[in-house]
Amino acid sequence: MRLTRSELLFIALGAMLGAAVAWAAKSGLVARDGAFPPFVIVLLGLGLAELAAGYAAGRAPGTLVGMPGRFLAFVIGVCVFLLGERYL
């Protein structure tokens, strides 16, 4: 299976969101073991970004990125968060 350009951009966005949340957790803006875990912030950020991109493109939400692209973006975002929190 080949990923489309929009899916690759979505995966890159997932990595950037993971890095941003790792920076926020490292600086104390996000509690690591609070009531709202950091991986949920990555998940909500990806969802909101997909809604905004679908609205801007004039397409229905969920049609720009396939499920494998969504899953890969979330996994990469969480992995970047875990590595970034340790090494930042």
Side-chain angles (χ1 to χ4, degrees):
M1 186 187 104
R2 296 190 61 139
L3 298 172
T4 63
R5 184 176 304 181
S6 61
E7 290 173 334
L8 290 174
L9 288 172
F10 193 70
I11 292 167
L13 176 70
M16 288 188 296
L17 279 172
V21 172
W23 174 80
K26 192 74 167 179
S27 64
L29 298 173
V30 175
R32 170 103 169 107
D33 49 349
F36 201 66
F39 72 88
V40 173
I41 296 172
V42 173
L43 185 64
L44 287 176
L46 288 171
L48 291 175
E50 188 175 5
L51 286 174
Y55 180 72
R59 295 176 61 181
T63 59
L64 290 175
V65 180
M67 199 62 195
R70 285 188 196 122
F71 183 71
L72 189 58
F74 177 66
V75 168
I76 288 177
V78 169
C79 289
V80 166
F81 161 70
L82 292 174
L83 287 173
E85 188 181 40
R86 181 174 182 164
Y87 294 113
L88 279 182

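- Heavy-atom minimum distance, Gly84 versus Ala22: C-CB, 3.8 Å.
- To the nearest 0.5 Å, atoms CG (Leu8) and CG (Leu3) are separated by 5.0 Å.
- Checked by atom type and distance alone, the side chain of Arg70 pairs as donor or acceptor with a backbone atom of Val65 at under 3.5 Å.
- Linking ILVMFWY residues whenever their side-chain heavy atoms come closer than 4.5 Å, directly or via other members, places Val21 and Leu82 in the same cluster.
- Separation of atoms CG (Leu51) and CG (Leu64) is listed at 10.0 Å; rounding is to 0.5 Å.
- By the criterion of side-chain heavy atoms lying less than 4.5 angstrom apart, applied directly or through intervening Ile, Leu, Val, Met, Phe, Trp or Tyr residues, Leu48 is not grouped with Leu43; the two fall into different hydrophobic clusters.
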Any chance you could lay out the side chain to side chain contact (heavy atoms under 4.5 Å, CB included) test for Phe81 and Val30, step after step, and finish with the verdict? CA-CA 12 Å; Phe81 161 70; Val30 175; over 6 Å; no
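- To the nearest 0.5 Å, the span separating CZ on Arg32 from NZ on Lys26 amounts to 10.5 Å.
- Under the 4.5 Å side-chain heavy-atom criterion for grouping Ile, Leu, Val, Met, Phe, Trp and Tyr, Ile11 is not connected to Leu9 through any hydrophobic cluster.
- Atom CG of residue Leu17 and atom CG of residue Leu44 lie 10.5 Å apart, to the nearest 0.5 angstrom.
- Among all heavy-atom pairs drawn from Ala15 and Val80, the shortest one is O-CG1, 3.5 Å.
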Take Trp23 and Leu29 through the test side chain to side chain contact (heavy atoms under 4.5 Å, CB included) and record every step on the way to the result. CA-CA 9 Å; Trp23 174 80; Leu29 298 173; 4.0 Å; yes
Evaluate side chain to side chain contact (heavy atoms under 4.5 Å, CB included) for Phe74 paired with Val78, printing each intermediate quantity in order. CA-CA 6 Å; Phe74 177 66; Val78 169; 3.6 Å; yes
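- Following chains of ILVMFWY side-chain contacts shorter than 4.5 Å, one cannot reach Ile41 starting from Phe71, and the two form parts of different hydrophobic clusters.
- Note: Leu46 CG to Phe10 CZ = 4.5 Å, rounded to the nearest 0.5 Å.
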